[in-house]
Amino acid sequence: MKNKTLIVCEKPTAASKIAIALGGKRAVRQELNDVPYYELELDGRKMVVVPALGHLFTLKNVKPMRDYPVYDVDWVPTYSVDKKAAKSRVFVETIRELARESDDYIVATDFDIEGSVIGWSILKYLCGEDSLKKAKRMKFSTLTAEDIRKAYEEIMPTLDFELIEAGIARHTLDWYWGVNVSKALSSSVQAASERFAKLSAGRVQTPTLKILTERELEIKRFKPKPFWVLNLLLDVEGKEILAEHAKQRFFDEGEAKRAKAACESEIAEIREIQIRQYRRPPPVPFDLGGLQSEAYRCFGYTPMRTQQIAQALYQAALISYPRTSSQKLPPTIDYVKILKQLGEISKSYREISNEILSTREPKPNEGKKTDPAHPAIYPTGENPGKLTGPQQRLYDLIVRRFFSVFGRPALVESLRVRVEVGKEPFYLRGRRVLEEGWLAYYGRYGATEEIILPSLKEGQTLRVKEVLFERKETQPPPRYNPASIVKEMEARNLGTKATRAPILQNLYERGYIFGNQITVTELGIHVVNTLQKYCPEIVSEELTAEFERKMDAIQVGKVKKEEVIEKAKKELNKILSKFKANELKIGRELSEVYRKTKRLQKILGKCPKCGGELKIVVSRSTHKRFAGCSNFGKGCKNSYPLPHSGMIITLNKTCEECGTPMIQVNRPGMRPYKMCLDPKCPTKSEWRKKRR
DNA sequence: GCAAGGTC
């Protein structure tokens, strides 16, 4: 019988919270196809609260893509096109079944563009077209019981169609641009070489690659300039202290040498002592980006890895939802309770927790950023029991950051002492922490390097123990690493909190970039150059900004989504026909660098037996990969096994024990590890010992 | 075979 209200939520934890907020203890948890859902009664009506798993539907081309451009797309279940989304199948089936008993619908997904599309596609494709007209919309900004109940009481009588329209347009535009331009790149190689090349472009990935490429070219163009550095080692009451010349870099050798010559007097006189005290305010709560850069700084974890570890901690109910862009901790999160619970976990946590709780009313120092659906990342207070390795480390970082935001500012004293030798000015610097404040809570993550100077007086003289004079060269700008480029993407508003790390991963997998100190391959550079010439729109960060303006215009009813989509088609038609006209020319150049880059990617190093090249080969009979010698045809049968899964990266090093090339293996969800190729190498027996 | 966006 159709008499129930179906409440559709974004994800399982949201469904649970919404069910409890609306039904209290009378909400009954049920399961269908292993998917949890909740039954409750409210205002005399039976309600069913059911979760989605993010987007259950995505866009797909209606006909196979033989040629481009293609604009004929439709929504299909995500699991039907994406192997990695297999889990979403049971959610589709469960919602479809539960919808059979429903004649009333409420969309309770996150109140933003994507949340609205998630709700819309579920109603349209699983509950029937009619449901779209009947459905109501709950609007909440946090998943607290209070907000959820308020959203129910003040429920919107219809769906938020403007938001839905904007969302559909966003999906469509990204598909049109991304898939067609990617197809154009791949087709050009196929046309010129009759070989398939997996190439891609997109609104986020291509501008990101462009940023990396610009840095790469800057480094390639860089010409080092010599400069000279003059420092003194001073004897301060038996202690050796370094003093730097006021001019930290001399670009004129003559001037540098004259300054050095003036230091022959061996006596330095203190001319001025400047003491400055300043406060270091406590940090702000972690959003995902903040956690990713801090985890890189403290542990060297890539943003992708941090995201995965945080996800595991979240699933173990130890931390709040990690894919947030909020730096706020609203009071509805019971700080006092959490602080008390954290105090139970360990002795060092207890000391901090007691100190914070002894203040009258703990108040967090919040940041500016917000998130429509979630607060900042915080520990739930749940006892983690025994965590190990990366999970333990990340958990401790999150707990200590949580403590720190409640701390008092630290008071730091810095000292600048001006000394003169001959007439040359030098500076000694000192720094010490007068009041630790929050730094005490943050522990080793906030360690401030202290330089304690003995007490000094103006007019005092010090003996020069040594004059240090060095020629150096200017360095090229640093390469981006995974953490710094993700931060840069955030600063430039490219991608979202949840997609930046995976999109970067994609650039690695395409062979556009490699290494932790990110290097752009010839292929990456060439793809950017080609697109810059034939489709500069997709290389530009402006495309994201333009999309945003269009979505806003749709939301306020200034323009229809059909109009926006039509315009995109016209623009793409022009671009893509120009691309196609030059297909052979583009393809010839591109296929050459593609082959070259792919070949380089496969080379692991020198064969220790014959000096040939060891490369990744896929066995014809078993389809498994192994390291084989390039001189196989000339009689060298040397080969080594390789791990079956994961990305293999050449390290350009050989093992000190066995002399075979070293490689790094990156597997999703695992720490990257380094190994040599020889399974019989003595280093491997050490491995086994360590594992035990 | 292709994007970016949710989710686990």
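Labels below follow one simple rule: chain letters A, B, ... track the order of the sequence lines, proteins then strands, and each chain is numbered from 1. Computed from a predicted structure; not experimentally measured.
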Contact class for [X] (heavy atom, under 4.0 Å): base, sugar-phosphate, or nothing?
X	value
A/Thr499	base
A/Arg500	nothing
A/Lys11	sugar-phosphate
A/Phe547	nothing
A/Gln311	base
A/Gly115	nothing
A/Asn180	nothing
A/Leu56	nothing
A/Thr78	nothing

Heavy-atom nearest nucleotide on DNA chain B for A/Ala201 versus A/Ala85: which residue maps closer to 5'?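 Residue closer to the 5' terminus by nearest nucleotide: A/Ala201.
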Earlier contact from the 5' end, DNA chain B, for A/Val204 and A/Val81: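 Comparing both residues, the 5'-ward one is A/Val81.
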Go through the side-chain N and O atoms of [X] and [Y] and say whether any donor and acceptor fall under 3.5 Å apart.
X	Y	result
A/Thr597	A/Tyr512	no
A/Asn493	A/Glu548	yes
A/Gln315	A/Gln311	yes
A/Asp287	A/Ser325	no

Could you check whether A/Glu563 pairs with A/Lys567 (Lys NZ or Arg NE/NH1/NH2 to Asp/Glu carboxylate O, under 4.0 Å)? no
With a 3.5 Å distance limit and no angle check, can you tell me whether A/Thr109 reaches the backbone of A/Gly115 through a side-chain donor-acceptor pair? yes
Taking the side chain as C-beta and beyond, is there a heavy-atom pair between A/Glu162 and A/Ile554 under 4.5 Å?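 A/Glu162 does not reach A/Ile554 side chain to side chain.
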For chain A, the stretch of DNA chain B it reaches, first to last nucleotide, under 4.0 Å of its heavy atoms: B/dG1 to B/dC8
